[in-house]
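Residue numbers begin at 1 in each chain, while the letters A, B, ... track the order of the sequences.
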2 protein chains.
Amino acid sequence: MPMTLSAARAHSQNVFSGRHVHLEIDDDQRGAPSLALYLRQLHPSSTRQHFGRNEVMFQEGDRAERVYRVISGTVRLCRHAANGTRHIADFVLPGELIGFDERTTHPFTAEAVTPVTLLSYARSSFDRLVASTPAVRAHLVSLLTANLRAAEQQAFVLGAHTAKQRVASFLLRLAGREDAMAGERLDVPMSRNDIADYLGMTIETVCRALAALRDENIVTVPNSHQFILNDVAALRAIAVDA
Amino acid sequence: MPMTLSAARAHSQNVFSGRHVHLEIDDDQRGAPSLALYLRQLHPSSTRQHFGRNEVMFQEGDRAERVYRVISGTVRLCRHAANGTRHIADFVLPGELIGFDERTTHPFTAEAVTPVTLLSYARSSFDRLVASTPAVRAHLVSLLTANLRAAEQQAFVLGAHTAKQRVASFLLRLAGREDAMAGERLDVPMSRNDIADYLGMTIETVCRALAALRDENIVTVPNSHQFILNDVAALRAIAVDA
DNA sequence: CGACCCCTTGACATGCATCAAAGGGAGTGG
DNA sequence: CCACTCCCTTTGATGCATGTCAAGGGGTCG
């Protein structure tokens with residue numbers, strides 16, 4: 001999938017021309033490659049939105065009236081506990097959908113990690129497309145299953161792994177989702193704070209775990225938002241099977 | 001749903017006559033109440049199995065060739081990490097399905113927490129039923145969504161909560177799934193070890209958290225497998241919003 | 001009655017959180 | 001072009017929640 005790869009790379013380097021919109025056609029990383037084609041049918045009634053860094057797209061509990069597709073940038077889905085702590089359930093990368101499952105209210109708040117461009121569709125027209133197109137239904141079930149697997153995996157990592165293992169898992173997962181190869185620069189758009197809240201630890205512990213990996217030459221950190229994975233095998237060994 | 005309640009109670013008291021099979025018709029706690037009715041169509045080709053305590057029903061990685069329905073008893077779905085630690089992803093209670101999602105291999109090992117009776121259907125006939133019945137599809141999507149929500153919730157609990165909070169969440173969830181009321185005896189079929197592996201902590205920490213709740217008169221522990229929730233509000237306050 | 005298993009409690013150890021302070025890097029104004 | 005400031009990251013010092021190790025208790029089954 002060379003096209004997908006180049007799409008990921010374009011994102012890595014923050015090169016977003018007006019033309020990159022076309023990437024959405026085939027860069028869906030979780031489902032089969034043609035879901036985006038069906039979504040194009042909704043294009044006439046879709047809305048394009050931009051959000052600046054840390055801007056809130058919708059809040060936990062809001063009615064889920066639209067389905068969103070991330071065109072560029074990174075989104076975080078998070079919940080805020082009563083004691084003020086924040087938990088990040090997932091990051092959403094370009095090409096992925098938000099709010100496509102059948103919940104009437106959003107279970108998470110969605111915020112822009114980086115500047116974000118979204119395409120959104122009214123729930124009603126989206127549902128009509130789903131009802132009329134078996135292939136779309138199949139895609140959505142696949143997506144739902146993939147999300148379930150990811151959530152189960154995340155629970156596993158949070159429940160049974162140490163700080164270093166969690167960070168290793170996180171890097172491997174991010175590399176997988178961005179189609180980044182070993183030795184390449186891996187884009188890490190989220191802050192240390194975001195990573196900490198995603199992995200259930202503190203900023204400081206994230207830093208220390210990264211420092212440990214760096215000192216072992218497993219990763220190189222040219223700057224705080226780009227990593228190079230020198231030894232993926234070692235990362236996998238640390239992450240065990242996550 | 002008094003019938004469902006009595007089903008739960010029958011389970012609580014380990015009273016399983018041959019007749020309780022009829023309960024499966026309406027006690028599905030996660031989907032709409034009529035999914036079991038459709039499954040009855042598969043009854044002729046279904047298989048009934050019994051498993052003793054701690055017996056393995058299938059292993060992580062096995063091909064998913066059958067769909068299971070728990071008739072009685074409690075099942076645990078778990079993974080074993082390379083370092084020997086065990087993580088329990090979920091417990092499956094009577095009336096619930098296992099292996100209905102579209103994965104070719106089982107992501108978890110399934111073991112009997114208590115003596116278990118299962119009904120199972122060949123994947124092929126199950127898929128045929130799904131393909132031919134839109135209502136079943138809708139039910140399964142609901143189940144999938146509910147499972148996703150549960151997994152997200154579990155990740156939240158594991159990532160952002162203390163030992164006491166996790167135990168409180170666990171008790172509330174169990175009470176909710178068994179339709180147990182405050183003041184009633186809540187059946188806790190799983191061992192402290194199971195609870196620990198489900199909540200990402202050790203047996204001892206589970207015991208201490210329970211002891212703390214007991215000392216505050218929030219729960220009473222008549223015996224190690226039955227609890228009485230004296231103060232559900234206090235439990236909720238401890239669990240925050242889990 | 002004894003043996004086994006699980007649960008419970010205590011004493012100690014440790015990984016991670018917390019508190020504190022010192023480095024960068026990017027944008028801004030001089 | 002440099003200096004300033006702000007924010008994020010990194011590292012160090014200390015404390016606490018939970019893990020680990022150990023011993024005793026209670027129920028169940030043979």
Side-chain angles (χ1 to χ4, degrees), chain A residues 14 52-54 74 76 81 83-87 111 113-115 157-168 170-171 187-216 219-227 238, chain B residues 14 52-54 74 76 81 83-87 111 113-115 157-171 188-216 219-227 238:
Chain A
N14 287 323
R53 194 172 274 270
N54 292 325
T74 301
R76 61 172 172 254
N83 55 2
T85 62
R86 186 185 66 164
H87 174 76
E111 299 169 351
V113 170
T114 62
V157 169
L158 293 179
H161 293 269
T162 64
K164 203 169 161 188
Q165 291 176 319
R166 295 183 200 192
V167 170
F170 171 72
L171 293 179
D187 235 28
V188 184
M190 58 290 288
S191 70
R192 298 290 183 271
N193 218 321
D194 289 335
I195 298 174
D197 289 347
Y198 178 64
L199 295 177
M201 35 205 265
T202 60
I203 313 178
E204 294 93 329
T205 305
V206 172
C207 277
R208 280 185 249 270
L210 283 172
L213 293 174
R214 166 171 52 71
D215 293 346
E216 299 173 64
V219 304
T220 307
V221 186
N223 66 70
S224 61
H225 288 283
Q226 289 191 322
F227 296 165
I238 289 170
Chain B
N14 287 325
R53 197 171 274 270
N54 292 324
T74 301
R76 63 172 171 256
N83 54 1
T85 62
R86 186 184 67 163
H87 175 76
E111 300 168 351
V113 170
T114 62
V157 169
L158 293 178
H161 293 270
T162 65
K164 202 169 162 187
Q165 291 176 319
R166 294 183 200 193
V167 171
S169 300
F170 171 72
L171 293 178
V188 184
M190 57 292 287
S191 69
R192 298 290 183 272
N193 218 319
D194 289 335
I195 299 173
D197 289 347
Y198 179 65
L199 296 178
M201 37 205 262
T202 61
I203 314 178
E204 294 93 330
T205 305
V206 171
C207 278
R208 280 185 250 269
L210 283 172
L213 293 174
R214 165 170 53 71
D215 293 346
E216 298 173 66
V219 303
T220 306
V221 186
N223 66 68
S224 62
H225 287 282
Q226 288 191 323
F227 297 166
I238 290 169

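Bending across the helix from C/dC1-D/dG30 to C/dG30-D/dC1, expressed as the angle between its end axes from five pairs apiece, amounts to 30° (10° rounding).
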All N/O contacts under 3.5 Å from nucleotides 20-27 of chain C to the protein, with atom names and distances to one decimal?
none

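The shortest non-hydrogen separation linking B/Ala160 to B/Gln165 is O-OE1, 4.2 Å. Across every non-hydrogen atom of B/His87 and B/Tyr198, the tightest pair is CE1-O, 4.3 Å. Listed here is the closest heavy atom pair of A/Gly200 and A/Leu158: N-CD2, 4.1 Å. Across all their heavy atoms, B/Arg192 and B/Ser224 have their closest contact at NH1-O, 2.9 Å. The minimum heavy-atom distance linking B/Pro189 with B/Val113 is given by the pair O-CG1, 3.5 Å.
Applying the side-chain hydrogen bond (donor to acceptor under 3.5 Å, both in side chains) criterion to A/Arg86, with sequence neighbours excluded, gives A/Asp194, A/Asp197. Scored by the ring-ring contact (aromatic ring centres under 6.0 Å, His included) test, B/Phe227 finds no partners at all (sequence neighbours excluded). Legend: residues meeting side-chain hydrogen bond (donor to acceptor under 3.5 Å, both in side chains) with A/Thr85, ordered by chain and number and at least two apart, are A/Asn83. Looking at residues two or more places apart in sequence or on another chain, you find a side-chain hydrogen bond (donor to acceptor under 3.5 Å, both in side chains) between A/Asn54 and A/Arg76. Scored by the side-chain hydrogen bond (donor to acceptor under 3.5 Å, both in side chains) test, B/Arg166 finds no partners at all (sequence neighbours excluded). Shown here are the side-chain contact (heavy atoms from CB on, under 4.5 Å) partners of A/Thr220, two or more places apart in sequence or in another chain: A/Pro222, A/Ile228, A/Asn230.
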Kindly list each side-chain donor-acceptor pair under 3.5 angstrom involving residues 205-216 of chain A, sequence neighbours excluded, with atom names and distances?
unit_1: A/Thr205; atom_1: OG1; unit_2: A/Thr202; atom_2: OG1; d: 3.0
unit_1: A/Glu216; atom_1: OE2; unit_2: A/Lys164; atom_2: NZ; d: 2.6

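The distance from atom CG of B/Asn54 to atom P of C/dC5 is 12 Å, rounded to the nearest whole Å. Rounded to whole Å, the distance from CD1 on B/Ile203 to C1' on C/dC5 is 11 Å.
The shortest side-chain heavy-atom distance between A/Asp187 and A/Gln226 falls under the 4.5 Å cut-off.
Without hydrogens or angle criteria, A/Thr74 side chain to A/Thr114 main chain gives no donor-acceptor distance under 3.5 Å.
Using a 4.0 Å cut-off on heavy atoms, the residues of residues 206-215 of chain B that approach DNA chain C are B/Cys207, B/Arg208, B/Ala211, B/Arg214, listed by number. Listed in residue order, the members of residues 191-202 of chain B having a heavy atom less than 4.0 Å from DNA chain D are B/Gly200, B/Met201, B/Thr202.
Bracketed by its first and final contacts, the part of DNA chain D lying under 4.0 Å from non-hydrogen atoms of chain A reaches from D/dT9 to D/dA13 in 5' to 3' order.
Put simply, CZ on A/Phe170 and CE on A/Met190 are 4.5 Å apart, with the number rounded to the nearest 0.5 Å.
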